[in-house]
Amino acid sequence: MPSKKQMQARRATLRPHPMRDQIVDVMRTYGKPISPTQLSRIMGGTLGSVAYHVRTLAAAGVVQLAEEGRVRGAVEHYYALSADELEGTLTDTVGKLLSLCGALTVPNPDGGYPIPVRLDGRARDDMNKVIDKLRPEVRAIASASTARTGKKG
């Protein structure tokens with residue numbers, strides 16, 4: 001079992017990936033242990049790909065093995081978000097917001113190449129407030145769309 005320091009180092013090198021973001025989101029929404037098989041059904045990905053990303057998240061300490069169960073003679077593993085991940089986020093939501101809004105760079109006042117955005121603490125706090133205000137509306141739109149399309153998990 002890797003030490004907490006080793007897991008933190010591994011987490012720091014974990015590159016963003018849309019499937020890992022979706023796995024963490026599903027686990028956070030579901031709120032109880034879930035298997036890669038169940039995740040693949042929910043997400044529509046292949047079991048092999050989902051299992052690979054779950055193992056990657058486990059190696060980084062983002063998720064942990066919560067329980068094992070027998071399914072048709074095989075052992076199925078159920079994972080849950082680690083305690084510290086329940087509060088935090090795997091990805092930088094502020095960075096994602098900047099990317100979605102096309103604001104990773106700002107125009108150069110001298111007319112040269114664009115300048116990469118560097119946020120100070122106050123700007124990061126302001127961005128997080130925007131995300132917190134937007135989150136319920138985005139979830140409501142997503143829920144309404146899911147209800148309209150009849151997609152049940």
Side-chain angles (χ1 to χ4, degrees), residues 1-69 71 74-106 114-121 123-147 149 151-153:
M1 180 84 175
S3 70
K4 188 171 183 174
K5 189 174 185 177
Q6 288 171 323
M7 282 202 219
Q8 286 173 339
R10 220 178 250 169
R11 185 181 289 202
T13 62
L14 191 62
R15 297 185 67 188
H17 192 281
M19 185 171 283
R20 287 194 283 266
D21 291 346
Q22 190 175 14
I23 289 168
V24 170
D25 188 59
V26 168
M27 292 177 114
R28 187 174 283 123
T29 301
Y30 191 54
K32 48 190 172 185
I34 190 168
S35 72
T37 302
Q38 294 166 319
L39 286 165
S40 68
R41 287 185 195 132
I42 292 166
M43 296 167 44
T46 65
L47 175 58
S49 179
V50 171
Y52 166 79
H53 288 291
V54 169
R55 285 191 305 271
T56 302
L57 291 167
V62 175
V63 301
Q64 58 193 17
L65 183 62
E67 57 190 72
E68 295 179 343
V71 177
V75 177
E76 189 160 25
H77 298 92
Y78 294 84
Y79 294 86
L81 290 175
S82 58
D84 57 338
E85 192 57 42
L86 283 169
E87 299 303 316
T89 56
L90 175 63
T91 57
D92 177 18
T93 52
V94 170
K96 282 188 168 189
L97 179 63
L98 289 170
S99 179
L100 283 170
C101 295
L104 291 171
T105 59
V106 294
I115 302 168
V117 169
R118 289 189 181 86
L119 298 178
D120 59 12
R124 192 163 281 281
D125 288 345
D126 290 346
M127 291 285 193
N128 278 314
K129 287 176 186 170
V130 168
I131 292 168
D132 289 343
K133 286 180 190 172
L134 193 57
R135 187 173 282 123
E137 186 175 347
V138 169
R139 287 188 177 173
I141 292 168
S143 292
S145 177
T146 301
T149 60
K151 176 112 176 162
K152 304 282 185 238

A side-chain contact here means heavy atoms from C-beta on lying under 4.5 Å apart; do [X] and [Y] qualify?
X	Y	value
Leu97	Ile131	yes
Glu68	Glu76	no
Leu104	Val117	no

Is it true that a side-chain atom of [X] and a backbone atom of [Y] form a donor plus acceptor pair closer than 3.5 Å?
X	Y	value
Ser40	Thr37	yes
Glu137	Leu134	no
Ser82	Gly61	yes
Asn128	Arg124	yes
Thr149	Thr146	yes
Ser49	Gly45	no

I need the [X] [atom1] to [Y] [atom2] distance, nearest 0.5 Å.
X	Y	atom1	atom2	result
Gln64	Tyr79	CD	OH	11.0 Å
Leu39	Tyr30	CG	OH	9.5 Å
Asp126	Leu119	CG	CG	9.5 Å
Arg41	Ser35	CZ	OG	7.0 Å
Ile23	Asp25	CD1	CG	11.0 Å
Lys32	Glu67	NZ	CD	10.5 Å

Would you mind writing out the side-chain donor-acceptor pairs for residues 50-60 within the sub-3.5 Å range, not counting sequence neighbours?
unit_1	atom_1	unit_2	atom_2	d
His53	ND1	Arg20	NH1	3.1
Thr56	OG1	Tyr52	O	2.9

#### Entry: Sidechain N-carboxylate O distance under 4.0 Å for Arg135, Asp132
yes

### Message
Using the side chain to side chain contact (heavy atoms under 4.5 Å, CB included) definition, which of the options Gln22, Met27, Arg28 pairs with Val24?
### Response
Arg28

